[in-house]
Amino acid sequence: QQFRSDGTFVRAFGSQGSSGPAQFVSPIGVCVDGAANIFVADSNNDRIQQFGSNGTFVRAFGSRGSGLAQFDWPFGVCVGADGALFVADYGNHRIHEYH
């Protein structure tokens, strides 16, 4: 769900599910980059989903596992000053960095 700084509701997007775009199971971490893209750690689906500033699905990446670009409960996401995306991979005990 998205709210203005004064607490006014703006919109909600997504639904429960495990296979489609904008479907979530245990979304935990959320961050917004400088271009107003929204990144969501879709923890139990072991992926990161990206949305435009209006909540429109852009892409998803990641899968369950311990290899490169694989997650085991991605928990938090944030964007660094240089635009890099960081993902806390709880189950694999590591941080992923994407440029």
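Heavy atoms only: backbone and side chains are in, while hydrogens, waters and symmetry mates are out.
The heavy-atom pair separating Arg47 from Gln23 by the smallest distance is NH2-O, 2.7 Å. Scanning all heavy atoms of the two residues, the minimum distance from Asn92 to Ser66 falls at OD1-CB, 3.6 Å. The shortest non-hydrogen separation linking Val25 to Asp42 is N-OD1, 3.0 Å. Heavy atoms only, all atoms of each residue included: Cys31 and Leu85 are closest at SG-CD1, 4.2 Å. Closest of all the heavy-atom pairs between Gly52 and Ile38 is O-CD1, 3.6 Å. Across all non-hydrogen atoms, the minimal contact from Pro27 to Val40 is CB-CG1, 3.8 Å.
No more than 12 heavy atoms of other residues, nucleotides or ligands sit less than 6.0 Å from atom CD of Gln16.
With Gln50 contributing its side chain and Phe61 its backbone, the two residues share no donor-acceptor pair below 3.5 Å. Checked by atom type and distance alone, the side chain of Ser26 never pairs as donor or acceptor with a backbone atom of Ser43 at under 3.5 Å.
For Phe75, the ring pair (Phe, Tyr, Trp, His ring centres under 6.0 Å) partners at least two apart in sequence or on another chain are Tyr90. Checked against salt bridge (Lys or Arg N to Asp or Glu O under 4.0 Å), Arg64 has the following partners two or more places apart in sequence or in another chain: Asp46, Asp72.
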Test log, rule side chain to side chain contact (heavy atoms under 4.5 Å, CB included), inputs Phe71 and Val87: CA-CA 9 Å; Phe71 304 112; Val87 179; 3.6 Å; yes
Test side-chain hydrogen bond (donor to acceptor under 3.5 Å, both in side chains) applied to Trp73 and Asp89, step by step: CA-CA 6 Å; Trp73 253 75; Asp89 187 356; over 6 Å; no
From CA spacing to verdict: ring-ring contact (aromatic ring centres under 6.0 Å, His included), Phe13, Phe57: CA-CA 9 Å; Phe13 55 91; Phe57 176 81; over 10 Å; no
Ile48/Val77 under side chain to side chain contact (heavy atoms under 4.5 Å, CB included): CA gap, chis, key distance, verdict: CA-CA 9 Å; Ile48 303 300; Val77 291; 3.6 Å; yes
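Counting only residues at least two apart or in different chains, ring pair (Phe, Tyr, Trp, His ring centres under 6.0 Å) contacts with residues 16-35 comprise Phe24-Phe51.
Taking CG of Asn45 as the reference point, atom OG of Ser63 lies at 11.5 Å (rounded to 0.5 Å).
Counting heavy atoms from C-beta outward, Val10 and Arg4 have side chains that approach closer than 4.5 Å.
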